[in-house]
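Heads up: the structure comes next, in structure tokens.
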Amino acid sequence: MFEQLQETITRQISAFLSQQEIPAAPIDWKWIPFAGQWGIATSFFQAASLEARQGSHIPVGERAQQIATQVAEHLGTPEGISKVEAVRGYLNLTFSPSSFARQVIETVQREGLLFGKGQLTGKRIMVEYSQPNTHKAFHVGHLRNVVLGSAVCNILEWAGNEVIRANYIGDIGLHVIKWLWCYLKYHNGEQPPEDRVRWIGEIYVQASRYYEEDPAVEPEVRALFARWDRRDPDIVSLWEKTRQWSLEAFEQIYQLLGVHFDRFYFESDVEDSGKEIVRTLIKKGLACDERPEGSVYIPLDEFSGTKDKYRVLVILRSDGTSLYATKDLSLAIQKFEEYQLDQSIYIVDVRQSLYLQQIFKTLELLGYSWAKQCYHLAYEIVTLPGNVTIASRDGAVVLLEDLVAEATSRALEIVQTKNPEISQQQQLAVAHAVALGAIRYSMLSRDSSKVVTFDWDAALDFNGQAAPYIQYAAVRANSILRKAGEIPAKWQVPSELQPVEITLIDLISRVPQEIQKSARDIKPLVLSTHVYELARAFNDFYNQCPVLQADPEVRGFRLQLVAASRQAIRNLLSILGIETPDIM
RNA sequence: GCCCCAGUAGCUCAAUGGACAGAGCACCGGACUUCUAAUCCGAUGGUUGAGCGUUCGAGUCGCUCCUGGGGCACCA
């Protein structure tokens with residue numbers, strides 16, 4: 001919001017420094033890091049350090065302060081700046097309240113629901129996320145992926161990119177055949193009950209148990225796999241029917257979570273084209289074919305002159321059946337051919353880091369120039385207390401719907417006591433927004449490189465740094481605006497602003513840059529932190545500054561500030577995929 | 001053996017190489033006749049795993065260790 005001013009002042013400083021024959025060091029502006037102050041700052045340590053290297057004997061800190069003082073004197077007080085100060089080697093420029101407060105509030109007002117949205121970049125980015133396996137349960141371990149992926153999509157979109165949300169469904173493989181075997185043997189003819197996800201998951205648990213415990217099962221499953229491989233119509237039709245059950249269950253979950261996809265890919269669709277690529281690789285001499293004794297593989301280290309880095313990637317089983325890699329190679333190519341992507345992001349957990357590096361390297365060896373535009377966003381997994389990995393096959397899972405149901409019921413209890421006058425339906429809607437917000441926020445408010453230990457109490461804690469706190473701030477703002485009725489169109493920035501007001505406006509003004517930063521680093525955490533700080537600043541303001549009862553000249557301004565705060569919070573929450581209720 | 005990630009307050013986590021390392025939870029003490037207390041205020045709490053190095057400046061970068069987690073040819 002202040003780019004122009006920054007540039008002008010940067011030019012003035014550079015000119016002054018060169019005139020004074022002070023070494024040119026890059027001037028980069030940062031926010032003044034102290035609460036209740038707003039403005040930009042830069043330091044002169046680098047320039048002073050360069051001088052020292054050229055033989056000056058003044059200590060760097062002291063010299064930096066000298067330069068800062070000189071610059072401050074030279075600048076005077078530029079338009080839009082109320083105070084210029086040299087402090088401990090830093091030059092601090094404080095914004096003047098009247099012009100900037102107005103500018104910030106008017107910008108939010110003008111842009112409304114789009115406040116914070118960046119200029120179009122012209123870049124097209126595909127984000128592949130969720131990637132569930134059919135015939136398995138959908139549990140809290142999968143939740144992190146969906147929450148992270150959908151937030152990343154929104155962030156990239158808000159930063160000005162075109163985003164294609166892709167999902168890659170694992171609809172075939174040994175796990176599916178195991179499930180079909182179990183269904184045929186123990187559940188034949190059954191129709192899925194209402195609680196479909198659980199039912200599907202339970203059959204999978206049963207299948208896995210028999211498969212592991214009874215050695216007689218494996219040959220039966222293999223035989224079934226062979227039938228599928230030669231497209232036995234009975235098996236194919238059973239596969240199609242049961243696969244559809246899973247897909248419908250996923251759709252329910254996606255609706256519950258409020259996420260959507262633009263493009264679905266299926267493993268079963270890229271299998272044949274994958275095998276075709278394997279043939280090409282063999283023909284080009286890039287893959288070693290040791291069938292039938294061994295597999296088809298690529299000695300990646302050998303080809304890229306590395307040692308123990310890329311290892312070996314097996315791309316086809318010795319019996320000629322496909323592997324995950326077979327299909328992923330094909331999928332990557334299809335994505336770029338279909339959409340001419342500028343970037344292809346894979347949201348996949350950290351355990352597959354080496355594997356995805358192998359895929360990207362293979363694509364490079366195949367000569368695809370876009371291989372370098374593939375990016376793996378690795379996130380750490382969700383474990384159960386005691387460092388227990390969540391595994392669909394042993395059934396020790398927390399189902400997503402159970403989590404949502406429990407969270408909603410706890411939220412509903414609070415809503416009912418606080419808002420007894422609204423309809424049950426409204427109460428439920430609010431509880432739902434709060435529950436899902438809390439769940440999503442807890443996943444987004446820690447770095448993706450950190451392991452999440454799922455804990456019921458922590459997941460259902462609505463206090464402190466959590467979505468309900470942020471939502472509540474917006475609700476309070478909403479309440480003030482509702483009681484105020486019409487917001488006066490004419491208003492003035494008071495001559496004196498409270499420190500909390502300054503902090504609040506400051507945080508609102510940074511929203512666009514925070515969105516850019518969040519996109520640049522692909523870190524939703526940047527926004528989850530910022531929106532929390534915004535909410536906290538608003539709560540401070542709420543407690544310290546009366547709005548409705550304020551003097552008329554202050555009242556108009558504060559109402560505007562309340563409206564801008566609500567908008568900023570609402571926009572950030574929506575990027576994170578969190579609803580902002582009107583009441584709580 | 002090799003590679004990747006994490007290690008910050010009692011616990012869970014923040015911190016574009018910059019100013020005094022910040023929040024929440026927990027604990028202790030306060031604030032509802034007020035625009036909703038799902039809130040706020042105050043107190044307590046730190047050798048940023050250890051050690052060298054680079055730098056004017058290191059939680060952040062480099063090296064060597066320690067601890068924990070993960071990965072390393074026919075699972076996905």
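All chains are named by letter (A, B, ...) in the order of the sequence lines, taking the proteins before the strands, and each is independently numbered beginning at 1. Worth saying up front: this structure is predicted, and the values here are computed from it rather than measured.
One P atom belongs to B:G59, the other to B:A15, and the distance between them is 15 Å to the nearest Å. Going from the C1' atom of B:A43 to that of B:A9 covers 15 Å, rounded to whole Å. Rounded to whole Å, the P atom of B:G10 lies 6 Å from the corresponding atom of B:G46. One C1' atom belongs to B:A21, the other to B:A58, and the distance between them is 12 Å to the nearest Å. Comparing the P positions of B:G51 and B:U16 gives a spacing of 24 Å, expressed to the nearest Å. Remark: the separation of the C1' atoms in B:C27 and B:U44 is 8 Å, to the nearest Å.
Inspection of the A:Thr10 and A:Trp29 side chains reveals an N or O donor paired with an N or O acceptor under 3.5 Å.
Contacts of A:Ile414 with the nucleic acid, taken as non-hydrogen atoms under 4.0 Å apart, include base atoms. In this structure, A:Lys307 reaches neither bases nor backbone, as no heavy-atom distance under 4.0 Å exists between it and the strands shown. Here A:Asp447 lies in heavy-atom contact (under 4.0 Å) with sugar-phosphate atoms only. Note on A:Asp319: nothing from the nucleic acid sits closer than 4.0 angstrom, heavy atoms only. Nucleic acid contact class of A:Arg410 (heavy atoms, under 4.0 Å, all strands): none. When heavy atoms are screened at a 4.0 angstrom cut-off, A:Val547 is found touching base atoms of the nucleic acid. Among the heavy atoms of the strands lying under 4.0 Å from A:Ala41 is at least one base atom, whether or not backbone atoms are also near. Residue A:Leu525 is classed as a sugar-phosphate contact, given heavy-atom separations below 4.0 Å to backbone atoms only. Heavy atoms of A:Ser318 sit under 4.0 angstrom from at least one base atom. Counting non-hydrogen atoms under 4.0 angstrom, A:Val451 reaches the backbone sugars and phosphates but no base. Looking at heavy-atom distances under 4.0 Å, A:Asn92 makes contact with a base.
Side chain A:Arg311 to base B:C3: no donor-acceptor pair is found below 3.5 Å. No donor-acceptor contact under 3.5 Å links the side chain of A:Lys450 to the base of B:U12.
In terms of modelled atom types and a separation under 3.5 Å, the side chain of A:Gln65 and the main chain of A:Ala86 share a donor-acceptor contact. With hydrogens and angles ignored, the 3.5 Å screen pairs a side-chain donor or acceptor of A:Asp301 with a backbone N or O of A:Asp308. The backbone N or O of A:Pro385 lies less than 3.5 Å from no partner atom in the side chain of A:Asp455, so there is not a single donor-acceptor pair.
A close approach under 4.0 Å does occur between a side-chain nitrogen or oxygen of A:Arg446 and OP1 or OP2 of B:C13. Between A:Arg536 and B:C41 there is no side-chain N or O to OP1 or OP2 distance below 4.0 Å. A:Ser295 has no side-chain polar atom (N or O) that falls below the 4.0 Å cut-off from OP1 or OP2 of B:C74. In this model, the phosphate group of B:C20 is approached by a side-chain N or O of A:Arg88 to a distance below 4.0 Å at OP1 or OP2. For B:A73, neither phosphate oxygen OP1 nor OP2 lies less than 4.0 angstrom from any side-chain nitrogen or oxygen of A:Arg317. For A:Tyr532, no side-chain nitrogen or oxygen approaches OP1 or OP2 of B:G22 to under 4.0 Å. Under 4.0 angstrom from either OP1 or OP2 of B:A37 there lies at least one side-chain N or O belonging to A:Tyr542.
Anti is the glycosidic conformation of B:C63, whose angle departs from 0 by more than 90°.
For A:Phe541 and A:Phe538, the ring centers sit closer than 6.0 Å to each other.
The side chain of A:Pro546 lies closest to B:C35, out of B:C74, B:C35, B:C40.
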Q. What do the steps show when you test A:Ser330 against A:Thr326 for side chain to side chain contact (heavy atoms under 4.5 Å, CB included), and what is the final call?
A. CA-CA 7 Å; A:Ser330 162; A:Thr326 323; over 6 Å; no
